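Chain identifiers are assigned alphabetically (A, B, ...) following the order of the sequence lines, protein sequences preceding nucleic acid strands; residue numbering begins at 1 within each chain. Remember, it's a predicted structure, so these values are computed and weren't measured experimentally.
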Amino acid sequence: MSREPRLRAGLIVAAVQLVALLIVQSGDPLVSGFPLDDAWIHALVAKTLVKVGTLGITPGMHGSGATSTLWALILAVGEALGSSPPRFAFFVNAVFLLTSGQLLLRLLSRDGVSTPQAVILACLAGAAPNFVWFACSGMEATLVACASLAAIYFWFDEDARSELFAAAALAVLALTRPEGIVLAPLLLVLRRPTSRRQLLRWTALPALAVAGHALVQFAHTGTFSPATLGGRRWMWLAPFEGLNWFEIVAVFLGDWSNRLSEFTLGRLDHLTFWFAAGVAAIGVYVTWRVPRQRALLLWTGTHTAIYAVLLPTFGHGGRYQPLLPLTFVLMLGAGLFQLLKDFAPSRRVEAAGAAVVVLLGVLGPGSALLAWRSAHHDSVLHVTRTEIGMARRLRELPPNARIASFDIGAIGYFSERAIIEIGGLSSSEIVPRLWQGTVATYLEQQNVEYVVVPLGLGGLDAPEPWNFGFRLGFTGTPHLKLAPVASVESPLVMWRHGVRASMHCAPRQDLYRVAFEPKEAKP
Amino acid sequence: LRRWQILLGIALVAIIAGAFDLERTQIQIMLAHRLEYELRGARERGHPVFVLITDGAEAEVRAEAEAFQRVTGSTVLAVTEETALVVPSPADLRYATAEAWSVAVSNAASAFLYNDDLNGAAAVVVRLYTNELVRRGVLPALPPRPPIFMPDIERHPDFPNEAALLGMGIMLGIFSAYGLLMSRRARARNPAPAS
């Protein structure tokens, strides 16, 4: 592609992505908050880094709550500049989103896809609603996708500069998410180095980044795996107690099929997803022959498989597997174009078919963008009301009060109090107690005076899904006495609407005064 | 060509098998496994119990559950799209009358059934039963058992098990039909030389 058409194609893709991004973000036009408490966790890590030099949520505990080192470092720049965390994260993520679109366009062109088709595919995939929302989520998901696309794009180029770019992208990916390093061996299998020097150029930087990061983490926490993994496994997988791994993975895949149907294709019914998946399978079949798209496809599958083994869940709003919506829409588009190419009797019919593809893309995913807009609005409002609302209540407590909380993001960021985290994100010490339901003993050991618990609208006594007082074993610990101090919640309908899309957090946060009665002596 | 034909055949079988039983009243297969796990502890402690997911008028379902209880000696937790009821075994009759059991589960399930959420209703009925056994000291209270599934108050469609089978059949059908057509086209363009 010559320079001018390439520029025009790039501008079209950027414009479509920007419109999609603004549609979703218009749910919170002033970018006043994050839709997830986890995004506030990253902001808290950044704040702690800037204030006391610890890369973690707890001063002095490196790695505590920090799932993404690089993302926390990026947010720390905003924190140091005094910028609002949601606005800074949105700005940075918007840049990563638009860069992803450009990389996708170039990647398709280098794979030999014609310019009009590459533009339509890059627009459809780069503006896939769930993928666009990642840029509004305040999380590192868009950076993961951007670094993956960059690594794949540059890996298959011949010149030495591209080799270094590929290595840099892999290092960025590994520092953003630890599992990202798996992309390096995958790419090495797909295109083998021709010399030792090339191998070194490709792998030295990512290996250095991963080794350095792992050693620092091991020195501070005594483990190579992220401190957050144990707590997250309990949170997501405990409800599946009794199911075997295959069944849990089946639920995971089923959840993704529903999510792709409702929040990417814009329809939730029995069959839309499966028809789309059939066409996407044709897309997979035809793109298998071209190197970059095959690499993207394999990386998306491998990344999903890694989660299927370690943590079979899609996470908040699908953020654990950010490439899946993008790659699915890309394959769906590729399949539709292949059908047109094979069965359209003339060029005119083929062009009309391409117009139909664009129309379907506007109608289906377009409606999903509007659904995300409304869900984003409700999610931001809910997290602000409950998590930040509770943080403000905590500010009224004595400065030296011993406070524990399950949710730690906005509460840690805004409360201006030292919070003892009891969700298993800071250290793996508490994780066995989560599984045993004996977190109350931890509160006792730590002389906790106040505890913040996420609850459902039925309160502490109702054994319902969001009652963490029940899940943590508080209601089953007779000598633990909880006296209500404050409660913040959102209306049920608003909470439900947001949580369906983003899985943000519990409908209510309650603050209790903690007291332990002496245990009865055994006769 | 044969490879595509086999794939298409498998797809058709999946579509037929999936569509055949699509309308049967049932709960998600993973939830059924989860509930079985929940009830296993009760059975091991001398409280045989079964969940009956069915459809029909309350009188018919009650008669069906009572017959099942007589034959097996188990407590029957029956859940339909309209109601939920319990026909307790002699062991569970010690804790409450049959009517009291049924009123309790019917009240708990009604919030779910109002929203056509059969999965949620079945989960809450089973959880209510096991909670009662925990309260009576039959089942251990700790560790706290996490929630089973979220209640669905937005009436988003429940996908029956067969919908996934049907869907996978459709996906495979589209793919294999494409492959078949393309293979035939390729063969027509390049016919095999006559032997």
Need one label for A:L243: side chain, backbone, both or neither, based on atoms under 4.5 Å from any heavy atom in chain B.
side chain

Heavy-atom distances under 4.5 Å only: say whether A:V286 touches chain B with side chain, backbone, both or neither.
side chain

Answer with side chain, backbone, both or neither: which region of B:M182 has an atom nearer than 4.5 Å to a non-hydrogen atom of chain A?
side chain

Any donor-acceptor pair under 3.5 Å linking the side-chain atoms of A:D342 with those of A:Q338?
yes

Measure from the ring center of A:W236 to the ring center of A:H316 and say whether it is less than 6.0 Å.
yes

Tell me yes or no: between the side chains of A:D510 and A:Y512, is some donor less than 3.5 Å from an acceptor?
yes

Are A:E247 and B:R34 within salt-bridge range, i.e. N to O under 4.0 Å?
no

Under 4.5 Å heavy-atom distance to chain A, tell me which part of B:L181 shows up: side chain, backbone, both or neither.
side chain

